[in-house]
Amino acid sequence: QVQLVESGGGLVQAGGSLRLSCAASGRTFSNLGMGWFRQAPGKEREFVAAISWSGGNTYYAGSVKGRFTISSDNAKNTVYLQMNSLKPEDTAVYYCAAADLLGTNPNEYDYWGQGTQVTVSS
């Protein structure tokens, strides 16, 4: 089992920045892929970014590439999502997820955090 706890969401003006954190516990993470997803009201959950614990390979959705950065601190078992140049359309609940692979499909992820709200005002 893997437990994931997100933090760092909040309200920010357009153009601002936030950093989300995802603290993981419960098992060895070296073979896990970690992803960030988001879900806006009335919309499906969508992929944002992913990183492998072991190799540091990263993937981004086109809508956030160049603005968001995913990183990991293996010593702290924590994954981060640095979000810069935020736009109102980035408003959503952001979820951290873990899987035994590295993918962009939320159905491939087995473990999920509770989510953290990010609201970007115009």
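Side-chain polar atoms of N84 and S17 form a donor-acceptor pair below 3.5 angstrom. Between the side chains of R19 and Y80, no donor-acceptor pair of N or O atoms lies under 3.5 Å.
When all heavy atoms of Y111 and Q1 are compared, the closest pair comes out as CE2-OE1, 3.7 Å. In this structure, W36 and L81 approach most closely via the heavy-atom pair NE1-CB, 3.6 Å. Shown here for L32 and V2, the closest heavy-atom pair between the two residues is CD1-CG2, 4.2 Å. For L18 against L86, the heavy-atom pair with the smallest separation is N-CD1, 3.8 Å. In terms of heavy atoms, D73 sits closest to W53 at O-CZ3, 4.0 Å. Here the shortest heavy-atom pairing between I70 and Y60 reads N-OH, 2.9 Å.
For T104, the side-chain contact (heavy atoms from CB on, under 4.5 Å) criterion is met by F47, not counting sequence neighbours. E89 is linked by a salt bridge (charged side-chain N to carboxylate O under 4.0 Å, His left out) to nothing, counting only residues two or more places apart in sequence or in another chain. Under the salt bridge (charged side-chain N to carboxylate O under 4.0 Å, His left out) criterion, R67 pairs with D90, sequence neighbours left out.
One distance of note links OG1 of T58 with CE of M34; it measures 14.5 Å at 0.5 Å rounding. Note: C22 SG to E6 CD = 5.5 Å, rounded to the nearest 0.5 Å. With rounding to the nearest 0.5 Å, the separation of CG in L20 from CE in M83 is 4.0 Å.
A donor-acceptor pair under 3.5 Å links the side-chain atoms of T116 to the main chain of G9, judged by distance alone. For Q13 (side chain) and S121 (main-chain N/O), no donor-acceptor pair under 3.5 Å exists by modelled atom type. A distance-only check finds no donor-acceptor pair linking the side chain of S85 to the backbone of G15 [under 3.5 Å]. Under the 3.5 Å distance criterion, the side-chain polar atoms of S52 are matched with a main-chain donor or acceptor of N57.
Side-chain contact between Q117 and T91 is present, with at least one heavy-atom pair separated by less than 4.5 Å.
Ring orientation note: the planes of W112 and F37 are tilted relative to one another, at an angle of 30° to 60°.
A 6.0 Å sphere centred on CD of Q114 holds more than 12 heavy atoms belonging to other residues, nucleotides or ligands.
Residues V64 and L102 do not share a hydrophobic cluster, defined by chaining ILVMFWY side chains whose heavy atoms lie under 4.5 Å apart. F68 and V12 fall within the same hydrophobic cluster, where Ile, Leu, Val, Met, Phe, Trp and Tyr residues are linked whenever their side-chain heavy atoms come under 4.5 Å apart, directly or through other members.
Note that R38 lies outside the cation-pi zone of Y95, set by a 6.0 Å cut-off to the ring centre and a 45° limit from the axis.
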